[in-house]
Amino acid sequence: MGGETPRGGGLSRRRFFGTTAAASAGVVLTTAPAPAARAADDDGAVDVAITVNGTAEKLHVDPRVTLLDALRERLGLTGTKKGCDRGQCGACTVHVDGRRVLSCLTLAATADGRKVTTIEGLADGDDLHPVQRAFVECDGFQCGFCTSGQIMSAAALLKEGHAWTDEEIREAMSGNICRCGAYPGIVEAIKTARRAD
Ligand code: FES
Ligand code: FES
């Protein structure tokens, strides 16, 4: 699994948060029906038009391709991590139309017509998202592999407007697994980002 450099290691914090990725807790799966399914070509591939981090993208993909693979392998957005690839770790969490989803369980074709945000698109230019800043301030990571998924899940959680106690935050983030056990810092970061909101 992509061993991103954690702290130090030559990567700036900004680049770190732009390239690292990981898990999700309480992640919402994309259950909404795909917009008009596009016709498949002779090769079975379908055209998919999605807006990724504000940029319109057109893909021609096998209908079995996951959103995770489309982001990483077709669009080069490797900040979203592939951990388990089976919906159990949350490393692949992204936002689809503002809701957190596990991109390894989401077919790229079902994202047709939707807006996708990845860790690379969370900051506002040079300004880190409040959750990104809080993860740095609160030591919300160690190796960093889970971190982009944690951050994407946490950013969505704050918008969802629930999970006010530590226990509720842990429950709402329970789909984002951190093998390093950075959970205390993660909970603190979410509370810090909420106060800064
Ligand atoms: Fe583990 Fe998607 S890669 S849940
Ligand atoms: Fe290492 Fe979470 S910081 S897996």
Side-chain angles (χ1 to χ4, degrees), residues 1-31 52 61 64-96 99-111 114 116-120 122 128-129 131-157 166 169-190 192-193:
M1 293 198 278
E4 295 291 333
T5 304
R7 310 178 211 184
L11 282 180
S12 69
R13 294 263 169 158
R14 187 173 310 283
R15 177 157 172 69
F16 173 76
F17 282 111
T19 57
T20 192
S24 76
V27 168
V28 179
L29 305 184
T30 45
T31 53
V52 182
V61 294
R64 295 166 295 183
V65 167
T66 64
L67 179 59
L68 174 60
D69 285 343
L71 290 170
R72 288 179 55 86
E73 296 170 14
R74 301 291 296 273
L75 299 177
L77 296 171
T78 55
T80 304
K81 298 303 185 212
K82 182 182 282 190
C84 64
D85 204 21
R86 55 201 304 172
Q88 295 179 347
C89 76
C92 62
T93 305
V94 300
H95 298 174
V96 175
R99 301 177 70 197
R100 48 184 171 164
V101 305
L102 296 173
S103 60
C104 74
L105 293 186
T106 303
L107 294 175
T110 69
R114 300 186 187 278
V116 177
T117 304
T118 69
I119 189 70
E120 290 92 343
L122 196 62
L128 291 178
H129 186 282
V131 173
Q132 292 175 304
R133 278 199 299 273
F135 265 68
V136 174
E137 291 169 14
C138 301
D139 286 333
F141 59 90
Q142 290 183 33
C143 80
F145 186 80
C146 76
T147 309
S148 66
Q150 299 278 1
I151 288 173
M152 296 306 290
S153 191
L157 168 63
D166 288 14
I169 290 172
R170 279 193 288 271
E171 173 62 27
M173 292 292 292
S174 60
N176 289 81
I177 306 304
C178 175
R179 291 170 302 170
C180 297
Y183 298 113
I186 291 169
V187 172
E188 198 54 42
I190 292 171
T192 298

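Start at 1 and go down the list; that is how both ligands and their atoms are numbered.
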| said: Is C104 close enough to atom 2 (Fe) of ligand 1 that one of its N, O or S atoms comes in under 2.8 Å? | reply: yes
| request: Give the minimum heavy-atom separation between F141 and V136, together with the two atoms involved. | output: CE2-CA, 4.2 Å
| Residues in side chain to side chain donor-acceptor pair (under 3.5 Å) contact with T192, at least two apart in sequence or another chain | R195
| said: Can you list everything that forms a side chain to side chain donor-acceptor pair (under 3.5 Å) with R86? Sequence neighbours excluded, please. | reply: none
| Under the side chain to side chain contact (heavy atoms under 4.5 Å, CB included) test, residues paired with A155 that sit two or more places apart | H95, L122, H129, V131
| task | Report yes if some heavy atom in the side chain of V52 is under 4.5 Å from a heavy atom in the side chain of E120; otherwise report no. | result | no
| task | Give a yes or no on whether the backbone of L128 and the side-chain of R133 come within a donor-acceptor separation of less than 3.5 Å. | result | yes
| With atoms numbered from 1 as shown, which atoms in ligand 1 lie under 4.0 angstrom from a non-hydrogen atom of Q88? | 4 (S)
| said: Please give me the minimum heavy-atom distance between G181 and P184, naming the atom from each residue. | reply: O-CD, 3.6 Å
| Distance filter under 4.0 Å to C89 heavy atoms, resulting ligand 1 atoms | 1 (Fe), 3 (S), 4 (S)
| task | Show which atoms of ligand 1 fall inside a sub-4.0 Å distance from at least one heavy-atom site of G87. | result | 4 (S)
| task | May I ask you to decide if C92's main-chain N or O and S103's side chain share a donor-acceptor pair within less than 3.5 Å? | result | yes
| message | If I take every N, O or S atom of C92, is at least one of them less than 2.8 Å from atom 2 (Fe) of ligand 1? | response | yes
| query | Is there a donor in the side chain of R100 and an acceptor in the side chain of T93, or the other way round, less than 3.5 Å apart? | reply | no
| Of all the atoms in ligand 1, which lie at a distance below 4.0 Å from a heavy atom belonging to C84? | 1 (Fe), 3 (S), 4 (S)
| For ligand 1, which atoms have a heavy atom of D85 less than 4.0 angstrom away? | 1 (Fe), 3 (S)
| said: Listing by chain and number, which protein N, O or S atoms are under 2.8 Å from atom 1 (Fe) of ligand 2? | reply: C143 SG, C180 SG
